[in-house]
Amino acid sequence: MSVVAVGWQAWGMRLATWNVNSVKARLPRLLAWLDENAPDVVCLQETKCRADQFPAAEVEELGYTAAVHGDGRWNGVAVLSRVGVDDVSMGFPGEPAYAGEPDDQQLTLAEPVPQVPEARAIGVTCGGVRVWSLYAPNGRTPDSAHYRYKLEWFAALREALAAELASGTPLVACGDYNVAPTDDDVWDPAVFVDSTHVTPSERQALADLRALGLHDVVPTPMKGPFPYTYWDYRAGAFHKNLGMRIDLFYASADVAGRVRSAYVDREARKGKGPSDHAPVVVDID
DNA sequence: ATGCCATACCCGGTATGA
């Protein structure tokens, strides 16, 4: 029996997105999570390794083919799939490269200026669904060159996804967007005054993506009223549920209309050696 | 309880994160 050939429309799919904060440091937990949750497709962010350092053989033993985009110690994205890996795109057309500017106080000589886009996006067709794993720039501070780069990156992403959606293919664009869509998506809006992740321009960038016909598949929180996906390692933030919803699952209308369930797997944030993000799991009929 | 920074790079200190 081949699930690969039949695809999602007949069998349904379990998809997930997870910022693992280093795939090498997280490998034991990642493998255990794959084994326990049996997703068909997993989007990973912050893999923090070159493609040749990615533990492809280890995930292969669990039945997954890895499509990997990595350039070193920062960033890095991947898609794991057991329902096919086709048409892999490393980055997207028009994706900007970050370059610090002379007036950027945070640019130092120790920080090389990359001439090529960072490893923040990979697109893969899995069982008939176009899947993007995304890691948006942080932005650092609203007055920095990095913030302007963040907004440029979102604008270019919008154009690239618009072109793909025009073909009519089922599409999901999920990952760490580094933007909290509403004030309900941060534990205390007062803490984020004059900070990135909540500014009107960042939220408008998300609205511009939704205007393409992408739907925000909001997961069910497994505890508490808010579906946070990230909690800082420091100060017992997870224990006190001081979190943010910044890992988003955007889906075209045909996919969003077939969502059976979506939830934050906060179990994966517990215990020894977790990522600071929890996976978002989405089941599609 | 879920528990109070972590990661890579390079080997003690820095850059980054949200």
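All values derive from a computational prediction rather than experimental measurement. Labels below follow one simple rule: chain letters A, B, ... track the order of the sequence lines, proteins then strands, and each chain is numbered from 1.
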Legend entry - Positions of residues 226-240 of chain A (non-hydrogen atom under 4.0 Å from DNA chain B), listed by number: A:Tyr230, A:Tyr233, A:Arg234, A:Ala235, A:Gly236, A:Phe238, A:His239

Legend entry - C1' gap between B:dC4 and B:dC10, integer Å: 28 Å

Inset, instruction - Kindly state each residue pair satisfying salt bridge (Lys or Arg N to Asp or Glu O under 4.0 Å) with at least one member in residues 157-172 of chain A, sequence neighbours excluded. - result: A:Arg130-A:Glu164

Legend entry - Spacing between A:Gln45 atom CD and B:dG17 atom P, to the nearest angstrom: 15 Å

Legend entry - Euclidean distance, atom OH of residue A:Tyr147 to atom C1' of B:dA18 [Å, nearest integer]: 14 Å

Legend entry - Integer-rounded Å distance: B:dC4 C1' and A:Asp276 CG: 14 Å

Inset, instruction - Using the C1' atom on both, measure B:dG12 against B:dT7 and round to a whole Å. - result: 15 Å

Inset, instruction - Could I get the full list of side-chain hydrogen bond (donor to acceptor under 3.5 Å, both in side chains) partners for A:Asn178, not counting sequence neighbours? - result: A:His197

Legend entry - side-chain hydrogen bond (donor to acceptor under 3.5 Å, both in side chains) partners for A:Lys240, two or more places apart: none

Legend entry - N/O (side chain, A:Asn21) to phosphate O (OP1/OP2, B:dT7) under 4.0 Å: no

Legend entry - Upstream residue (5' side of DNA chain B) when A:Asn75 and A:Gly271 are each assigned their closest nucleotide: A:Gly271

Inset, instruction - Select base, sugar-phosphate, or nothing to describe what A:Asp176 touches, counting heavy atoms under 4.0 Å on all strands. - result: sugar-phosphate

Inset, instruction - Please work out if A:Glu46 contacts a base, only the sugar-phosphate, or nothing of the nucleic acid, heavy-atom cut-off 4.0 Å. - result: sugar-phosphate

Inset, instruction - Identify, with sequence neighbours excluded, every residue that meets ring pair (Phe, Tyr, Trp, His ring centres under 6.0 Å) alongside A:Phe192. - result: A:Trp187

N/O to N/O distances under 3.5 Å, protein versus nucleotides 8-12 of chain B:
{"unit_1": "B:dA8", "atom_1": "OP1", "unit_2": "A:Ser22", "atom_2": "OG", "d": "2.7"}
{"unit_1": "B:dA8", "atom_1": "N3", "unit_2": "A:Arg73", "atom_2": "NH2", "d": "2.1"}

Legend entry - Inter- and intrachain pairs under salt bridge (Lys or Arg N to Asp or Glu O under 4.0 Å), touching residues 13-31 of chain A, at least two apart: A:Arg14-A:Asp283

Inset, instruction - Please measure how far the P atom in B:dA18 lies from the corresponding atom in B:dA6, and state the result in whole Å. - result: 16 Å

Inset, instruction - Round to a whole Å and report the spacing from CG of A:Leu44 to P of B:dT7. - result: 16 Å

Inset, instruction - Using only side-chain N and O atoms of A:Asn138, determine if any of them is under 4.0 Å from OP1 or OP2 of B:dA18. - result: yes

Inset, instruction - Using only side-chain N and O atoms of A:Arg26, determine if any of them is under 4.0 Å from OP1 or OP2 of B:dA6. - result: no

Inset, instruction - Would you mind listing every salt bridge (Lys or Arg N to Asp or Glu O under 4.0 Å) that reaches into residues 200-209 of chain A, with sequence neighbours excluded? - result: A:Lys150-A:Glu202, A:Asp183-A:Arg203

Inset, instruction - Only pairs at least two apart or in different chains count here, so list each ring pair (Phe, Tyr, Trp, His ring centres under 6.0 Å) that has a residue in residues 28-75 of chain A. - result: A:Trp18-A:Trp33

Inset, instruction - Identify which one of A:Tyr230, A:Trp231, A:Tyr228 satisfies the ring pair (Phe, Tyr, Trp, His ring centres under 6.0 Å) criterion when paired with A:His277. - result: A:Tyr230

Inset, instruction - Looking at every strand, decide which applies to A:Tyr135 at a 4.0 Å heavy-atom threshold: base, sugar-phosphate, or nothing. - result: sugar-phosphate

Inset, instruction - May I ask you to check whether A:Tyr135 and A:Trp153 place their ring centres under 6.0 Å from each other? - result: no

Inset, instruction - Give a yes/no on whether any side-chain N or O of A:His277 is located under 4.0 angstrom from OP1 or OP2 of B:dG17. - result: no

Inset, instruction - Sorted by first residue and then second, give each salt bridge (Lys or Arg N to Asp or Glu O under 4.0 Å) pair with at least one member in residues 185-201 of chain A; sequence neighbours left out. - result: A:Asp185-A:Arg245

Legend entry - Residues which pass side-chain contact (heavy atoms from CB on, under 4.5 Å) with A:Ala211, listed by chain and number, not counting sequence neighbours: none

Inset, instruction - Spell out, as yes or no, whether a donor-acceptor pair under 3.5 Å connects the side chain of A:Ser89 to the backbone of A:Ile122. - result: no

Inset, instruction - Give, ordered by number, those residues of residues 201-210 of chain A having at least one heavy-atom distance below 4.0 Å to an atom of DNA chain B; if nothing qualifies, reply none. - result: none

